[in-house]
Structures are given as C-alpha cells and as structure tokens.
Amino acid sequence: MEQTLYLVLLLIALCSVSECVQRQYHFINVLKTWTEAQSYCRANYTDLATVDNMNDMKELNKCVTGGGGPYIWIGLQRTSVNKWQWSSGDPALYQNWRSGQPNGTDECGFMRNGQWEDGGCTNSLTFICSSSNNMSTGLVFVNQTMNWTEAQSYCRQNHTDLVSVRNQNENQQIQKFINDSHISNEVWIGLFRDSWQWSDQRNSSFRYWSTGEPNNAGVENCAMFISNTRSQWIDDPCNRRYPFVCHEDKLILIKENRTWSEALRYCRQNHVDLVSVHSEEMQRRVMNVVKGASTAEVWLGLRHSCTVGIWFWVSGETVCYHKWAPGNGTGEEDCENTVRSGAVQSGGGDQSWISRPETHKLNFLCSRYE
C-alpha cells in the first residue's frame with residue numbers, strides 16, 4: 001500500500017514537467033524565390049516555416065539571429081479564399097453573428113450586446129484581451145480606443161492576445177464580463193478574416209503583420225518577416241530572392257493499422273516514442289496532424305495502469321492536461337478482459353480522447369522528441 005501511494009505521489013509531481021518546443025526551425029541562408037524556398041524545405045525538412053503563436057515567433061527569431069539579411073521568407077501565401085479566424089490561431093468554428101452579419105467587405109469583428117458584427121479594421125474601439133495572469137476570468141478590458149491591429153499588438157505585448165470566442169459558453173462569459181464591468185457597448189474581439197494560407201495547409205490563423213501590412217502594393221502574394229527586434233511580417237512579390245526558414249515537424253502520422261503495442265514498438269524503432277500531449281497547444285498540433293488519418297481514431301502514447309488505477313504517458317508523465325470525451329478516462333476501466341490505451345478522434349470538432357482496448361488496430365502518432 002505504501003509503495004502504491006508513493007508511486008501515485010511521484011507521478012503527480014511530474015505534472016510540473018515543462019512543454020518542449022513542438023516544431024524545429026532551420027534558417028537557410030541562401031537566396032531563393034518563395035516557390036524555390038518552398039521546394040527546398042519540402043525536399044529537406046517538412047515545409048516553409050509555419051508560425052502558430054508568439055512562442056513560435058520567439059523560436060523562429062532564435063534560429064536567424066546574426067545571419068542573413070533583414071528580409072526572410074516564411075510559408076504564408078495569399079489565396080483566393082477569405083475566411084474568418086481568431087487572432088490566437090484558432091479557427092472560427094463557433095459563430096454568433098447578429099442577423100444580417102457579416103454584411104460587407106469589412107475584415108475585423110467586434111461584439112455588441114453579446115453578438116458579433118463586422119467592422120472596418122481602422123475603426124477605433126475599446127477591446128478585450130485574454131490573459132493567463134487573470135485567474136478569475138482570464139479577461140482584461142482595455143479602456144483605450146485603438147484600431148484592430150493596434151489592439152492586437154497591445155494584447156500580445158501586455159497580456160496574451162485579443163480574446164477568442166470558441167463556443168457559446170465563452171460568448172456568455174464575455175458578455176457577462178462586459179455587463180459586470182459596465183464596458184462600452186462595442187468592443188473589438190480577436191475575430192478577423194483574410195485570404196492567407198500556410199504552405200503546409202495548417203489551419204493556424206496566427207498573424208504578426210507590421211503596421212499597415214499586408215498592403216499588396218503591386219502584386220505581393222508572399223509573406224516574409226523583417227529580422228529585427230520585433231520581427232513583424234510584410235507582404236512582398238513572390239519572385240524576389242531572400243533567405244528563408246524551414247520547419248521540421250516533430251509529430252509523424254503513421255497511416256498503418258496496428259495495435260497499441262505494435263504502434264509503440266514502431267515509434268521507438270523508427271522515431272522516438274508514441275506522442276504525449278501535455279498542453280492545449282500540443283493538443284492543437286495533434287488535431288492538425290490527425291485530420292489526415294485513415295482511421296476514425298489514432299493511437300496516442302496513453303496507457304492505463306490497473307495496478308494504481310491511473311492513466312499515464314509512456315514518456316513517463318502522468319496525465320495532467322487532458323481532453324477526454326464524455327464517459328472516457330475518468331471512471332474505472334475494465335482490467336479483467338483487456339488492457340486499455342488512449343486514442344484521439346481524427347474527425348469532429350474537438351478531437352477528444354477515448355479509451356480503447358489495446359488490441360484495436362488504428363493509425364498512430366509518433367514523436368521525434370528525445
């Protein structure tokens with residue numbers, strides 16, 4: 001009994017383990033057009049650099065410090081598709097437009113009386129930031145009027161980002177925050193639309209444009225960043241030649257149907273391990289990758305211990321962050337008939353985790369992290 005208690009306490013202590021960087025960047029100090037750079041990255045790594053958030057921008061900056069010129073290609077290109085997205089990088093799956101909205105060519109969103117409207121991005125409004133430091137609501141009202149881009153920059157520099165509204169519950173929480181705080185009737189939220197797409201087709205809607213960009217001065221359909229203290233982005237003609245940054249993904253989807261034990265063996269022989277998911281950011285990356293699976297579920301490195309009655313990652317950590325589907329992972333498991341392992345749903349809106357007998361044969365997700 002004492003040994004079991006010690007093991008449980010030890011596993012709980014491992015919740016403090018830090019999250020590793022989930023994408024590795026490689027600076028290529030060779031002058032190429034955007035299309036040539038894209039071909040080079042796809043042949044030698046994964047693709048031209050994708051950026052999901054400010055942490056990725058910091059990592060990208062580290063890899064180019066002291067090298068090359070000021071202009072450096074990334075994997076963002078203008079397309080003909082215009083869609084609504086969140087500043088944080090989340091797709092706008094849930095929407096709560098006022099009747100008749102969006103009604104024009106305006107490309108930024110604001111909230112009024114709990115519903116959304118589109119507005120000109122140059123309009124000046126107060127705004128709401130999301131903040132990891134505000135433990136009660138996670139929200140911060142900024143009682144200054146700025147245009148949408150200025151508000152986005154302010155939130156990123158002082159808090160986390162302009163607020164996202166990903167479901168009805170969050171929409172109600174924000175409206176309650178507005179009512180309780182006696183905030184002005186119209187506030188910017190992190191909703192915008194554009195026609196830019198990452199080279200690797202990821203859904204990330206994170207953007208870090210410099211003020212006034214993208215301005216499409218001429219035909220400027222490719223994006224680069226300026227290597228300086230802020231490293232913000234500008235658009236430029238795709239046929240100009242600059243150095244560039246490739247990225248190498250650390251998550252590998254294997255489209256072969258194997259049992260969980262067979263999948264574990266494959267990942268350890270050919271990569272490093274079955275993937276562990278320790279944060280919402282990592283979950284988003286997993287969601288992007290497993291959409292290409294040929295099975296409805298994909299094995300993770302998630303295992304159930306009947307000895308101590310808990311779930312754990314094969315990398316050694318217990319399950320601190322979790323994304324269980326209702327009825328999965330939180331009750332007692334059937335330890336008499338089969339060992340249970342964890343998988344992530346490859347379809348649907350939120351790709352939740354589910355408990356499955358380890359003898360099921362599914363696609364699986366390997367990690368390249370040491």
Any donor and acceptor pair, going by atom type alone, linking the side chain of R258 with main-chain N or O of A263 inside 3.5 Å? no
Cationic N near anionic O, under 4.0 Å, [X] to [Y]:
X: E280; Y: R166; answer: yes
X: E297; Y: R356; answer: yes
X: E36; Y: R241; answer: yes
X: E248; Y: R368; answer: yes
X: D235; Y: R78; answer: yes

Pair [X] and [Y], ring centroids less than 6.0 Å apart:
X: F141; Y: F127; value: no
X: F225; Y: Y71; value: no
X: W116; Y: W84; value: no
X: Y266; Y: F364; value: yes
X: H26; Y: Y45; value: yes
X: W209; Y: W196; value: yes
X: W73; Y: Y242; value: yes

What do you reckon, is CD of Q157 surrounded by more than 12 foreign heavy atoms closer than 6.0 Å?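 Enclosed: over 12 neighbouring heavy atoms sit under 6.0 Å from CD of Q157.
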Step by step, would you call K62 with E59 a salt bridge (Lys or Arg N to Asp or Glu O under 4.0 Å)? CA-CA 5 Å; K62 288 178 186 176; E59 293 300 321; 3.2 Å; yes
Would you check, one step at a time, whether the test side chain to side chain contact (heavy atoms under 4.5 Å, CB included) holds for V286 with V344? CA-CA 9 Å; V286 167; V344 60; 4.1 Å; yes
Would you sort out whether L48 and I74 count as a side chain to side chain contact (heavy atoms under 4.5 Å, CB included), showing the intermediate values? CA-CA 6 Å; L48 262 174; I74 57 174; over 6 Å; no
Qualifying residue for side chain to side chain contact (heavy atoms under 4.5 Å, CB included) with W260, from L274, L362, V339, T359: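 It is L274; the other options fail the test.
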Residue pair F312 / H304: nearest heavy atoms and the distance that separates them: CE2-C, 4.1 Å
